[in-house]
Number of protein chains: 2
Amino acid sequence: MSSKKNDTRVNILRATWKLLESGQGKAVRMSDIAKRAGISRQALYLHFKTRTDILIATTLYVDDMNGLENRLRKSREANTGHERLEAFIDAWGKYIPEIYNVSKALLAVLDTDAAAANAWKGRMQALREGCHAAMEAVNNDGMLSPNFTLKKAADILWTLLSVRNWELLTQDCGWSQEDYIRNMKQSARTLLVK
Amino acid sequence: MSSKKNDTRVNILRATWKLLESGQGKAVRMSDIAKRAGISRQALYLHFKTRTDILIATTLYVDDMNGLENRLRKSREANTGHERLEAFIDAWGKYIPEIYNVSKALLAVLDTDAAAANAWKGRMQALREGCHAAMEAVNNDGMLSPNFTLKKAADILWTLLSVRNWELLTQDCGWSQEDYIRNMKQSARTLLVK
DNA sequence: CTGTCAATTGACACAGTGTAAAGTTAATAA
DNA sequence: TTATTAACTTTACACTGTGTCAATTGACAG
């Protein structure tokens, strides 16, 4: 099952992960990854076509390791729409710091690398669907704010919960993680729920 | 008054501006700017130390040409805090599309270029002060939402009005400019005003 | 013994930024 | 007039980082 090729692949992803996690924003080069993975730089190209491919694969790997799917699934089990919304914000809000450093590498090339932009877009699509589902649950309870259509409400929630907003609030404004979660719940409730 | 050196400098900034405006996201190289400005690539370095310096100077130049200062000042003349908040959102919201393309070039290197990050931070600091002042006016009317401290309210408004959020809502979610302005006013009011 | 898979070494093309040096041109000043 | 200076040009090159290519090695499977 675990072919040698696959082992090395995972090895590369873990090396990238660790580097992004510890490097604190510094650009990680192919040669850095190779060194950390204990293979030659050229060997990286036996497993991935481009640097961006490695970054993308790493974010997916990290999602996997952290069980993003499960975390979000749990929010779907809530009874009321409002509870579901809160659970969703809670799950995602607690998730962001775990992926932030890795995601940042992808965010950094988003504006210049079409492949990265595409991958990120897809990844955020999942979140967007989660937002939409949560707001739909609120709507089904008849509790959606009359100020917004369902679509607009979902868009706003999605924007509110963006990684860049988390970055702004916790890094630039100095909010604690608790502040962030509490205020996002508060805001979503005030803004979107009747 | 208008030395030859200064003329060329402005010439470079206008060339950069036009390229960013029309290039639609494509990376603008030093050679592109030089060609457009009608000078040699090397001459650029007689006026600016680095590419980032040109980008920074261009954003400042564009702010200047568009009269950002004046636009924001007008919002300060409103009578009530709430009116002031609305005027502020209106002014800034209408301003974003005018600077978006130019700003995007700076945003694109934000995560890799410390000088760019610094410049952007400073530029956003002005907006942040505007947000704080607007919320202070609301607070002085005794109309600040009891859900937030003044500082937190200003932080939220600042985050809400970020260029990245405008980008998300208008580009990814397909909102029109009118949608954006209307919903931002609506949201700020619901969220931050009693 | 042979084939093949994973990886290695070393060389290289390419893009883009930034540096360096020597030469041109036109205005300015003595 | 001649000398000087500022702005700019041309040519060349160093540097970084990505990605490609070809020849080679070592292991191990049939």
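Below, chain A is the first sequence line, B the second, and so on; all start at residue 1.
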Q) Under the ring pair (Phe, Tyr, Trp, His ring centres under 6.0 Å) rule, what pairs show up with a residue in residues 100-124 of chain A, not counting sequence neighbours? A) Y100(A)-W166(A)

**Q.** Derivation and outcome, side-chain hydrogen bond (donor to acceptor under 3.5 Å, both in side chains), residues N70(A) and R73(A)
**A.** CA-CA 5 Å; N70(A) 281 333; R73(A) 181 166 29 244; 2.4 Å; yes

Q | Under the side-chain contact (heavy atoms from CB on, under 4.5 Å) test, residues paired with N11(A) that sit two or more places apart | A | A37(A)

Pairs of donor and acceptor atoms involving the side chains of residues 57-64 of chain A, under 3.5 Å and at least two apart or interchain, shall be tabulated with distances.
from: T58(A); atom 1: OG1; to: I54(A); atom 2: O; distance (Å): 2.7
from: T59(A); atom 1: OG1; to: I56(A); atom 2: O; distance (Å): 2.6
from: D63(A); atom 1: OD1; to: Y95(A); atom 2: OH; distance (Å): 2.5
from: D63(A); atom 1: OD1; to: R123(A); atom 2: NH2; distance (Å): 3.0
from: D63(A); atom 1: OD2; to: R123(A); atom 2: NE; distance (Å): 2.7
from: D63(A); atom 1: OD2; to: R123(A); atom 2: NH2; distance (Å): 3.4

**Q.** Results of side-chain contact (heavy atoms from CB on, under 4.5 Å) for E69(B) - residues two or more places apart only
**A.** none

Q. From the 5' end of DNA chain D to its 3' end, which nucleotides mark the outer limits of contact with chain A, defined by a 4.0 Å heavy-atom distance cut-off (strictly under)?
A. dG17(D) to dC21(D)

(Q) Need one value for I39(A): base, sugar-phosphate or nothing, where a base atom within 4.0 Å counts as base even if backbone is also close, heavy atoms only. (A) sugar-phosphate

**Q.** By side-chain contact (heavy atoms from CB on, under 4.5 Å) - contacts of S162(A) (at least two apart)
**A.** R164(A), N165(A), N165(B), L168(B)

Q) With sequence neighbours excluded, what pairs up with A34(A) under the side-chain contact (heavy atoms from CB on, under 4.5 Å) test? A) R41(A), L44(A)

Q. Do N66(B) and R71(B) come within less than 4.5 Å of each other through their side chains, counting heavy atoms only?
A. yes

Q: Measure the shortest side-chain to side-chain distance between T50(A) and D53(A) over non-hydrogen atoms and say whether it is less than 4.5 angstrom.
A: yes

Q: Verify the distance criterion only: is there a donor paired with an acceptor across the side chains of N183(A) and W175(A) at less than 3.5 Å?
A: no

Anything under 3.5 Å between a protein N or O and an N or O of nucleotides 24-26 of chain C, put it in a table, one pair a line.
none

Q. Taking protein heavy atoms under 4.0 Å as touching, what does nucleotides 13-23 of chain C look like 5' to 3' if B marks base contact, S marks sugar-phosphate-only contact and - marks none?
A. ---SBBBB---

(Q) Once ring pair (Phe, Tyr, Trp, His ring centres under 6.0 Å) is applied, do any residues pair with F48(B), and if so which ones, sequence neighbours excluded? (A) none

Q. Looking at residues 9-21 of chain A, who's got a heavy atom less than 4.0 Å off DNA chain D?
A. none

Q) So which pairs with a foot in residues 79-93 of chain B pass side-chain hydrogen bond (donor to acceptor under 3.5 Å, both in side chains), sequence neighbours left out? A) H82(B)-R189(B), D90(B)-K94(B), D90(B)-K185(B)

